[in-house]
Engineer: 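Structure below; questions to follow.
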Amino acid sequence: MADYTISRHAEDALSDLIGSFPIVLVTGPRQIGKSTLLKNAKRTRKIPYISFDDPAEIMAVKADPKSFLSMHKPPVIFDEIQYVQELFPYLKIEADKNKKKGMYFLTGSQQFHLMKDASESLVGRIGILQLMGLSMREIRRDKFNKPFVPVNEYFLARKKGIANYSPGEIWKIIHTGFYPAVITGYSKQKAFYDSYIKTYIERDVRALANVGDELQFMQFITVAASRTSQMLNYRDIARDVQISEPTAKKWLSILVTSGLVYLLPPFSANVEKRVVKTPKLYFLDTGLAAYLTKWSSPDVLRNGAAAGAFFETFVIAEILKSYYNRGTEPSLFYYRDKDNKEIDLLIMQDGTLYPLEIKMTATPKTSDAAAFRVLEAAKGHKTGSGGLICTSEAFGILDKDRYIIPVSYI
């Protein structure tokens with residue numbers, strides 16, 4: 001029988017949370033591998049598992065949540081907890097009464113409402129692990145799991161045993177996407193995404209908002225996917241889908257809530273120039289975005305008008321995964337001012353800004369990092385090393401404290 005599992009780097013972060021909290025919540029988009037992580041991780045694989053995808057289990061909770069919990073002694077895994085939030089007060093009572101670590105393990109797909117309710121009901125008792133799609137490191141079975149930051153110490157650690165990706169490999173994975181079922185071959189790509197969108201709209205969207213026209217919401221998702229790596233413009237999106245601006249804002253919040261879209265905030269602290277204050281939109285799974293926007297093959301996508309946007313989206317998502325898989329929330333920004341000077345990504349750590357350009361080129365030039373000079377006006381922050389993340393196969397020096405960074409180094 002084929003083995004369709006891939007080890008997740010988030011297992012170490014999960015173990016840390018188990019040692020710190022009585023309740024652990026693993027959250028992220030539908031079908032991203034949340035329950036698989038808990039079923040396969042060393043410290044949770046033998047724990048009893050209850051899924052609230054089962055209507056009978058939901059009915060049992062709603063009838064009498066206290067009795068339901070008393071029949072399922074910890075440790076226990078409760079999958080898709082967003083359907084039975086009536087359990088939260090009783091989870092709190094049990095956690096306070098027993099004062100043990102690693103009692104209850106929860107998964108949930110609808111992040112905003114779930115996290116809001118969980119954090120308010122279970123403050124101080126719950127550790128939250130954000131899970132995204134498979135990373136390139138995980139797909140390659142690479143054990144390196146440090147968060148990406150463009151400093152010499154990171155690169156020295158990263159280059160040990162590194163395997164470069166050919167352009168063909170990069171574009172195949174960008175087109176395929178990062179859902180475990182597709183990557184492992186358990187599901188055919190088109191059939192998986194057909195089913196995914198149908199299930200997502202019928203279950204998650206209806207639970208989060210009263211969307212009357214499902215075809216129109218499908219069009220909205222497609223428009224959002226087509227605008228990946230662009231600055232967010234509600235007016236243009238609303239016009240293209242023929243909905244009101246408030247509806248566009250409400251529907252985009254659903255995509256963010258569901259973990260499908262990430263909004264990268266602009267950086268503006270203490271910069272004297274007039275800066276753009278609009279976030280950039282990233283449709284996090286490039287395979288799902290390619291499916292929605294009908295890019296039929298890796299080669300067509302690579303040579304098409306959206307190639308740069310998809311490459312940038314891929315890089316941003318991989319950097320996010322490197323942090324989330326370690327259980328940390330990164331401080332990420334982009335910079336753009338009224339003079340159209342732009343820095344694709346700023347990583348902030350300990351008062352230092354690390355600037356990065358993301359460009360689909362194998363021949364980087366020093367001019368690619370020219371915009372980094374605007375950070376000299378960022379009072380209260382140091383500017384650290386940075387560089388250009390690109391398709392070059394060789395790591396190198398672009399300029400002083402500026403590196404040529406192949407995507408394999410993320």
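Quick note: residue numbers are just sequence positions, from 1. Basis for what follows: all heavy atoms, side chains included, without hydrogens, waters or symmetry-related copies.
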Engineer: Which residues satisfy the ring pair (Phe, Tyr, Trp, His ring centres under 6.0 Å) test with Y354, sequence neighbours excluded?
Structural biologist: none
Engineer: Residues two or more places apart in sequence or in another chain: which of them pass side chain to side chain donor-acceptor pair (under 3.5 Å) with Y90?
Structural biologist: none
Engineer: Using a strict 4.0 Å threshold on nitrogen-to-oxygen distance, state whether R158 and D142 make a salt bridge.
Structural biologist: yes
Engineer: For F178, check ring pair (Phe, Tyr, Trp, His ring centres under 6.0 Å) against everything at least two apart and list the hits.
Structural biologist: none
Engineer: Restricting to ring pair (Phe, Tyr, Trp, His ring centres under 6.0 Å), what partner residues turn up for Y334, sequence neighbours left out?
Structural biologist: none
Engineer: Listing request: all salt bridge (Lys or Arg N to Asp or Glu O under 4.0 Å) pairs with a residue in residues 68-77, at least two apart in sequence or in separate chains.
Structural biologist: none
Engineer: Under the 3.5 angstrom rule, does the side chain of Y83 hit a backbone N or O of D54 as a donor-acceptor pair?
Structural biologist: no
Engineer: Who passes salt bridge (charged side-chain N to carboxylate O under 4.0 Å, His left out) against D299, sequence neighbours left out?
Structural biologist: none
Engineer: Using the salt bridge (Lys or Arg N to Asp or Glu O under 4.0 Å) rule, collect all pairs that involve residues 173-197, keeping only residues at least two apart or in two chains.
Structural biologist: K190-D194
Engineer: Is it true that atom CG of N303 has more than 12 heavy atoms of other residues, nucleotides or ligands lying nearer than 6.0 Å?
Structural biologist: yes
Engineer: Can you list every pair that meets salt bridge (Lys or Arg N to Asp or Glu O under 4.0 Å) and has a residue in residues 304-320, with sequence neighbours left out?
Structural biologist: K280-E312, E318-K321
Engineer: Taking side chain to side chain donor-acceptor pair (under 3.5 Å) as the criterion, tell me which of T293, N233, D240 meets it with R227.
Structural biologist: D240
Engineer: Under a 3.5 Å distance rule, please check whether S253 uses its side chain to pair with a backbone N or O of K250 as donor and acceptor.
Structural biologist: yes
Engineer: Taking salt bridge (Lys or Arg N to Asp or Glu O under 4.0 Å) as the cut-off, I'd like each qualifying pair that reaches into residues 86-98, sequence neighbours left out, listed once.
Structural biologist: K62-E86, E94-K97, D96-R125
Engineer: Sub-3.5 Å donor-acceptor pair from the side chain of T27 to the main-chain atoms of G108, do we have one?
Structural biologist: yes
Engineer: Any ring pair (Phe, Tyr, Trp, His ring centres under 6.0 Å) involving residues 24-59? Give me the pairs, sequence neighbours left out, ordered by first then second residue.
Structural biologist: F52-F68, F52-F78
Engineer: Under the rule for side-chain contact (heavy atoms from CB on, under 4.5 Å), what residues qualify as partners of S322, not counting sequence neighbours?
Structural biologist: R137, P147, F148
Engineer: Any donor and acceptor pair, going by atom type alone, linking the side chain of S195 with main-chain N or O of A191 inside 3.5 Å?
Structural biologist: no
Engineer: Is E245 reaching over with its side chain to a backbone N or O of A238, donor-acceptor style, under 3.5 angstrom?
Structural biologist: no
Engineer: With distance as the sole test, does D399 use its side chain to make a donor-acceptor pair with the main-chain N or O of R402 at under 3.5 Å?
Structural biologist: no
Engineer: Checking F372 now: which residues fulfil ring pair (Phe, Tyr, Trp, His ring centres under 6.0 Å) with it, not counting sequence neighbours?
Structural biologist: none
Engineer: Output the distance between atom OH (Y200) and atom OH (Y193), rounded to the nearest 0.5 Å.
Structural biologist: 15.0 Å
